[in-house]
Enquirer: 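What follows is a structure written as structure tokens; I'll ask about it next.
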2 protein chains.
Amino acid sequence: MLTIGDLSRRTGVKVPTIRYYEQMGLISEPERSEGNQRRYSKTDMERLAFIRHGRDLGLTIDAIRELISLSQHPDRPCAGADRIAKEHLEDVRIKIAQLKRLEHELERIVSHCDGHSIEDCYVIRALSDHGLCEGEH
Amino acid sequence: MLTIGDLSRRTGVKVPTIRYYEQMGLISEPERSEGNQRRYSKTDMERLAFIRHGRDLGLTIDAIRELISLSQHPDRPCAGADRIAKEHLEDVRIKIAQLKRLEHELERIVSHCDGHSIEDCYVIRALSDHGLCEGEH
DNA sequence: ATATATTGCTCTAGAGACTAGAGCATGATG
DNA sequence: CATCATGCTCTAGTCTCTAGAGCAATATAT
């Protein structure tokens, strides 16, 4: 049996975050010690690692909740889980594309700025005047 | 003189967001009509466009506040503005790199999943077992 | 001139995913 | 047995908005 601190150290999830996940219904309420402290089993730890892993992959709490619920019905078809992962992958790709446009724009702004005073600073000028931008954003 | 709705339409910033920016001190309190409605000048519109543009580029409210303050002292050196933009560019690059690792991981997970039931769904298995991952994340 | 429709006002609360702090209880170590 | 880290609950704060309630002002149509 692990204390919440042990669990935190082993999974890399902070103590308040563990309690938050419990509150959100991602992990079930654990057993308690005589003094009302949480005591976790190995199963609890696996569940938390699952959540942590999903969060690291950028899944939302809701998506993880859905995946947990799916994983508890091993006989059902896995199309649901597949769909969640694919949709998320698509989101990630969109975000990458957005950020690349941004990177490009910022590079241009920064490299153009060789003024010495704010008056002719390209950073400020570019922000003031959208017309100086290359792409749309 | 523009109403808040006009301003919203012309800058693409939603009405409640404009009021929010006012509350945050990014735009100064505008004049009011007899009936206490906000009335905006062209200068206000330019300021709001500046903010909008900065937000589109992913700058935080704080960064924008700093840039506004800089832009009001045209005689000062522009190193500050340059630094803000460069730091942000660096952040953007880091985020792109992170998301690319993620994309890769998700691609792998999704492409491996040809099981038909949750029991052998690679999505679920990958989440349960970090050992199945290629990189660290 | 009046009826209606749209837009505006303030204030409060919610979203998402935590994080921080207060004030007190428990448990492990010397 | 004393001390101190760790645990508990509860509330509030982070950030950038967004939504809704309930009411006031303005614009348009008749």
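To find a chain, count down the sequence lines: A is the first, B the second, and so on, and within it residues start at 1.
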Enquirer: Output the rounded distance in Å from CD1 (B:Ile18) to C1' (C:dG8).
Expert: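 Roughly 12 Å, once rounded to whole Å.
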Enquirer: Under 3.5 Å, is there a donor-acceptor pair between the side chain of B:His88 and the main chain of B:Ala63?
Expert: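 Such a contact is absent between B:His88 side chain and B:Ala63 backbone.
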Enquirer: Within this structure, what is the CD1-to-C1' distance between A:Ile64 and C:dA17, rounded to whole angstrom?
Expert: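 Atom CD1 in A:Ile64 sits about 11 Å away from atom C1' in C:dA17.
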Enquirer: Under the rule for side-chain hydrogen bond (donor to acceptor under 3.5 Å, both in side chains), what residues qualify as partners of A:Lys95, not counting sequence neighbours?
Expert: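 side-chain hydrogen bond (donor to acceptor under 3.5 Å, both in side chains) list for A:Lys95, sorted by chain: empty.
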Enquirer: Rounding to an integer number of Å, can you tell me how far A:Leu48 CG sits from C:dC18 P?
Expert: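 Rounding to the nearest Å, CG of A:Leu48 and P of C:dC18 are 11 Å apart.
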Enquirer: Does a nitrogen or oxygen in the side chain of B:Thr3 sit under 4.0 Å from OP1 or OP2 of C:dT7?
Expert: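 Answer is no, no contact under 4.0 Å.
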Enquirer: Could you tell me whether a side-chain N or O of A:Ser8 sits under 3.5 Å from a main-chain N or O of A:Val13, the two making a donor and an acceptor?
Expert: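 Yes, because the side chain of A:Ser8 sits within donor-acceptor range (under 3.5 Å) of the backbone of A:Val13.
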Enquirer: Expressed in angstrom and rounded to an integer, what is the separation of A:Glu22 atom CD from C:dC18 atom P?
Expert: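 After rounding, the gap between these two atoms is 15 Å.
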Enquirer: Sugar-phosphate means primed atoms, P, OP1 and OP2; the rest is base. With that split, encode nucleotides 8-26 of chain D 5' to 3' as B, S or - using protein heavy atoms under 4.0 Å.
Expert: SB------BBS------SS
Enquirer: Please tell me whether B:Met24 and B:Phe50 are part of a single hydrophobic cluster in this structure, the criterion being side-chain heavy atoms less than 4.5 Å apart.
Expert: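 B:Met24 and B:Phe50: one cluster.
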Enquirer: Atom CG of A:Asp6 to atom P of C:dG27: distance rounded to whole Å?
Expert: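 Result: 14 Å.
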Enquirer: Ignoring hydrogens and geometry, is there a side-chain-to-backbone donor-acceptor pair from B:Arg52 to B:Gly12 under 3.5 Å?
Expert: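 Yes, B:Arg52 side chain to B:Gly12 backbone: donor-acceptor pair under 3.5 Å.
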Enquirer: Hey, could you give me each pair passing side-chain hydrogen bond (donor to acceptor under 3.5 Å, both in side chains) that has a residue in residues 25-35 of chain B? Not counting sequence neighbours.
Expert: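 Matches after skipping sequence neighbours: none remain.
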